[in-house]
Amino acid sequence: MTLKTSNQIRSDFLEFFRSRGHEVVASSPLVPGNDPTLLFTNAGMVQFKDVFLGAEKRSYRRAVSSQRCVRAGGKHNDLDQVGYTARHHTFFEMLGNFSFGDYFKRDAIVWAWELLTGVWQLPKERLLVTVYHTDDEAFDIWHREVGLPTDRIIRIGDNKGAPYASDNFWQMADTGPCGPCTEIFYDHGAHIPGGPPGSPDEDGDRFIEIWNNVFMQYDRQPDGSLVPLPAPCVDTGMGLERISAVLQHVHSNYEIDLFQHLIKAAAELTGTQDLEHKSLRVIADHIRACSFLIVDGVLPSNEGRGYVLRRIIRRAIRHFWKLDGLHADGRFWRMVKPLIDVMGDAYPELGAKHALVEQALRSEEAAFATTLEAGMNRLQGYLAESGNRIGGDQLFQLHDTYGCPPDLIADLVRENTDKGWQLAEGALAEYESLMDQQKQRARSAGQFGGGVALPAELIARLRPTEFVGYEEREADDCRIVALLRDGKPVETIAAGDEAVIVLDRTPFYAESGGQVGDIGELLDAAGNRFAVTDTRKLSGAFHGHFGRLEAGTLALGDHLSARIDAERRQATVLNHSATHLLHAALRRVLGEHVTQKGSLVAPDRLRFDFAHFQPLTPEQLARVETIVNDEIRRNAEAEVHHMGMQEAIDFGAMALFGEKYGERVRVLRMGEFSTELCGGCHVHRTGDIGLFKIVSEGGLQAGVRRIEAVTGATALAEVAAAEERLARIAGLVGGSEADVAEKVRQLLERQKKLERELESLKAKAAAGATADLAANAPEVGGARVVAARLEGLDAKALREAVDQLKSRLSDAVIVLASAVDGKASLVAGVQGAPLGKVKAGELVGHVAAQIGGKGGGRPDMAQGGGNDGPALKAALEAVPGWVGERLG
């Protein structure tokens with residue numbers, strides 16, 4: 001029988017459930033849209049989280065997907081094990097079928113069995129299952145309907161010291177939707193060590209979990225009690241790599257067709273004959289995670305998601321170097337094409353963005369080579385300072401500052417034990433502690449904090465907020481459906497309370513897509529007034545009005561009038577529409593690789609971050625600005641269309657990084673120039689923007705640039721301010737605005753000429769001074785000693801003066817000083833016979849210590865500094881005596 005490929009297995013799964021009424025839903029990006037609680041998409045249910053919570057409704061109640069997932073940071077971090085075990089990965093695909101209040105346990109279990117034993121024809125005797133120990137319903141379905149013997153149905157209890165703390169009881173959080181699960185295991189055979197789940201040997205590799213069916217049937221309350229959900233749901237997950245290994249009759253995931261293709265490509269690139277080499281596995285795994293993270297908008301950086309990506313890339317590069325050394329043009333980026341060969345059909349976006357992926361990987365490898373050189377220099381310094389022992393603090397500094405991960409340093413230490421290199425006892429534990437402290441600081445700073453969220457019981461009860469603010473700036477008869485004070489639901493609020501109000505409908509735009517939230521007021525005829533200082537999305541579907549009750553009292557059910565700050569909104573709208581035009585203009589000038597990496601749309605400015613690997617030239621910036629203003633003058637209508645996601649893509653719409661889109665999307669089209677998915681607020685015609693002006697462009701991180709710009713009245717004010725500055729400069733240089741550039745050029749030429757003349761005069765003065773000093777230098781112990789202060793010389797000129805004295809004196813000890821603004825510079829030199837007993841570094845250090853400073857350097861030349869004052873004169877006068885003691 002011909003074995004199925006991984007691609008065929010993925011297709012089998014999707015088709016099986018499609019034929020049973022499931023909507024085939026495309027994989028969502030690895031960056032969860034509008035979900036700050038997750039670093040990466042790490043499970044198939046992530047894109048359906050709001051559906052499970054009841055905050056989002058879909059047109060279907062059954063779904064099936066093959067979801068791209070990454071587990072390489074935060075709670076789910078398998079990075080250090082990847083490549084060294086049979087089943088750890090940074091990137092994997094999760095096959096899953098889902099029911100949103102439709103079918104439940106029976107259908108989920110029966111279909112799972114039918115697919116495994118019917119379609120894929122797995123031997124029934126090789127399968128066994130686990131159920132939660134009190135889930136008699138699932139047990140009976142497995143035994144009575146599927147026909148599985150009771151000895152192959154294992155009840156798993158609470159083994160973690162708390163109720164429902166079990167591998168077979170799943171929960172989304174400490175409160176909210178949860179329920180038992182049943183896991184399906186495959187027995188690889190008695191020749192593989194390990195015992196069945198629930199046994200002391202369960203961590204062995206014989207019995208491998210291949211499918212988990214979660215039955216969300218309860219809502220866990222703050223007191224720990226379970227309340228049945230009105231519409232129980234099903235959430236399943238089966239790793240494509242694991243089931244492929246089973247169906248292809250291999251034990252390790254790295255032996256499946258997909259990985260074998262990548263491993264062979266890496267072996268060919270490195271000239272490695274041993275296809276079992278662990279480094280090849282690391283490379284094969286990491287190219288998938290890195291490529292798809294870049295495709296989904298993440299680029300290497302020193303924080304957040306970009307930091308995790310950088311760590312994965314550098315780990316892969318390190319393994320390339322272990323196999324084949326350092327190459328000028330890099331190696332890792334060449335793995336992108338082999339990856340497209342095996343995954344490009346399932347994920348065409350990989351091929352569409354291959355140039356961006358290759359460029360990002362190539363740039364990072366070049367940067368890592370440079371960084372590593374600096375890190376190795378610092379490592380040598382640490383070794384010299386600490387007697388060849390590396391401690392945890394040094395490991396942390398090498399990683400945090402120089403990007404050298406601890407496993408790389410540990411490898412280098414092991415490779416140099418003959419030189420006495422060693423890791424200090426407890427170094428790795430200390431490093432981990434310092435890393436944990438850093439992570440805690442990041443969490444405290446809210447890097448991926450969840451912020452204010454609605455409790456699960458409110459989400460299940462409330463309908464998503466109806467936003468009426470695209471055309472309206474105010475709305476009456478808006479009913480309060482939720483009140484939060486200190487993050488907790490309350491019935492009423494009183495004057496002076498800081499609170500969050502959720503209305504059933506509102507004209508207030510909640511911060512999203514870079515556009516800031518509206519401010520304004522909520523009020524009623526009785527004089528109750530709530531000042532809204534911000535509006536944010538809560539749990540993805542509800543508009544939270546943040547602010548303070550200025551007067552009166554408010555209670556659930558009250559009806560209010562909502563008034564936004566219309567002038568502020570209008571200024572924001574101009575910047576938002578201009579951002580879309582800017583994006584399109586950048587792609588036209590720089591290339592299609594330009595994609596949005598973040599934005600801020602505020603009333604006073606817009607900020608746009610985008611993928612590009614070098615600074616824009618003045619000519620490119622000018623062209624971008626001209627193109628945007630041309631489109632503004634063209635005054636095209638800003639058309640809004642509502643359509644299905646695929647229809648929008650076919651329409652030419654471009655999705656934006658980090659955004660979450662539902663089945664029906666809102667498309668903004670401005671003429672033939674810009675078409676994007678966007679839920680924000682915009683102008684009616686591009687001419688409303690008035691004027692667009694770029695105020696800055698710069699690098700944000702490797703591969704990401706940032707442009708800041710202004711529009712409308714703010715742009716006019718920027719132009720007026722620039723004209724005023726130009727007029728002021730013209731007045732200062734004695735010219736008109738028309739010839740100011742020529743006047744400034746002439747002044748700069750004159751300045752350069754004067755600087756050259758000044759340097760020449762300084763050199764002549766120094767030469768004259770050194771001649772006098774050499775002629776009058778006293779002899780001490782057979783050597784000529786010069787200790788003097790020279791005015792008006794900087795450190796460079798002092799060094800030149802010392803060199804001149806050395807050329808005049810064959811055996812000499814010299815120290816010269818100069819001072820500017822109360823700070824003294826010192827340079828010392830020793831030449832000839834005194835070098836055996838007098839060191840320049842010791843001399844300059846001795847003098848510097850007496851003036852509150854320090855210094856050091858080579859035996860023949862050193863420099864330092866300190867404070868100017870009477871102590872400097874005394875210190876220089878004492879130099880001959882100090883020298884005499886050493887030459888004596």
How many angstroms lie between atom [atom1] of [X] and atom [atom2] of [Y], to the nearest 0.5 angstrom?
X: Ile340; Y: His354; atom1: CD1; atom2: NE2; answer: 6.0 Å
X: His188; Y: Arg126; atom1: NE2; atom2: CZ; answer: 8.5 Å
X: Asp151; Y: His143; atom1: CG; atom2: NE2; answer: 10.0 Å
X: Asp257; Y: Thr5; atom1: CG; atom2: OG1; answer: 5.5 Å
X: Leu339; Y: Leu262; atom1: CG; atom2: CG; answer: 6.0 Å
X: Glu466; Y: His543; atom1: CD; atom2: NE2; answer: 10.0 Å

Residue pair [X] / [Y]: nearest heavy atoms and the distance that separates them:
X: Val342; Y: Asn7; answer: O-ND2, 3.3 Å
X: Gln47; Y: Gln67; answer: NE2-OE1, 3.3 Å
X: Ala482; Y: Leu462; answer: CB-CD1, 4.1 Å
X: Leu39; Y: Pro32; answer: O-CD, 4.0 Å
X: Pro196; Y: Leu128; answer: CB-CD1, 4.2 Å
X: Ser65; Y: Phe48; answer: OG-CE1, 4.4 Å

Side-chain heavy atoms of [X] within contact of [Y], under 4.5 Å:
X: Asn97; Y: Tyr103; result: yes
X: Arg281; Y: Ile263; result: yes
X: Pro180; Y: Asn168; result: no
X: Trp113; Y: Leu148; result: yes
X: Val336; Y: Ile287; result: yes
X: Leu116; Y: Tyr186; result: no
X: Val214; Y: Met45; result: no
X: Cys178; Y: Tyr164; result: no

Under the side-chain contact (heavy atoms from CB on, under 4.5 Å) criterion, do Asp285 and Tyr254 qualify, and how do the steps go? CA-CA 9 Å; Asp285 173 273; Tyr254 290 98; 3.9 Å; yes
Take Leu115 and Trp211 through the test side-chain contact (heavy atoms from CB on, under 4.5 Å) and record every step on the way to the result. CA-CA 11 Å; Leu115 177 59; Trp211 203 343; 3.9 Å; yes
Side-chain donor or acceptor of [X] paired with backbone N/O of [Y] under 3.5 Å:
X: Thr41; Y: Pro29; result: yes
X: Ser225; Y: Gln221; result: no
X: Thr117; Y: Lys124; result: no
X: Gln248; Y: Lys4; result: yes

Please find out if less than 6.0 Å separates the ring center of [X] from that of [Y].
X: Phe13; Y: His22; value: no
X: Phe169; Y: Tyr132; value: yes
X: Phe100; Y: Phe52; value: yes

Kindly write out the residues that satisfy salt bridge (charged side-chain N to carboxylate O under 4.0 Å, His left out) with [X], not counting sequence neighbours, or none if the list is empty.
X: Lys353; value: none
X: Glu15; value: Arg18
X: Asp205; value: Arg87

Test Ile243 against every option in Ile210, Ile208, Asn253 by the side-chain contact (heavy atoms from CB on, under 4.5 Å) rule and name the one that passes. Ile210
Can you list the steps and then say if Arg58 with Asp50 is a salt bridge (Lys or Arg N to Asp or Glu O under 4.0 Å)? CA-CA 10 Å; Arg58 300 280 178 99; Asp50 289 342; over 6 Å; no
Can you tell me if NE2 on His319 sees more than 12 non-hydrogen neighbours from other groups inside 6.0 Å?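 Counting neighbours around NE2 of His319, more than 12 heavy atoms of other residues, nucleotides or ligands fall under 6.0 Å, so yes.
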Take Glu93 and Tyr347 through the test side-chain contact (heavy atoms from CB on, under 4.5 Å) and record every step on the way to the result. CA-CA 12 Å; Glu93 291 182 75; Tyr347 300 103; 2.5 Å; yes
Using 30° and 60° as the class limits, which term best fits the ring planes of Trp111 and Phe17: parallel, tilted or perpendicular?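 It falls in the perpendicular class, over 60°.
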Going by atom types only, do Asn213 and Thr182 share a side-chain donor-acceptor pair under 3.5 Å?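 There is no such pair (donor and acceptor under 3.5 Å, judged by atom type) between the side chains of Asn213 and Thr182.
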Got a salt bridge between Lys337 and Asp341, using NZ or NE/NH1/NH2 to carboxylate O under 4.0 Å?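 Asp341 and Lys337: salt-bridged.
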How far apart are the C-alpha atoms of Val481 and Phe542, what are their side-chain angles, what is the distance that settles it, and do they pass the side-chain contact (heavy atoms from CB on, under 4.5 Å) test? CA-CA 10 Å; Val481 295; Phe542 308 96; over 6 Å; no
Partner of Phe91 under ring-ring contact (aromatic ring centres under 6.0 Å, His included), chosen from Phe259, Phe40, Phe292: Phe292
Would you mind listing every salt bridge (Lys or Arg N to Asp or Glu O under 4.0 Å) that reaches into [range], with sequence neighbours excluded?
range: residues 223-247; value: Glu241-Arg288
range: residues 100-123; value: Arg20-Glu114, Arg62-Asp102, Lys105-Asp135, Lys105-Glu137, Arg106-Glu145
range: residues 187-204; value: Asp187-Arg206

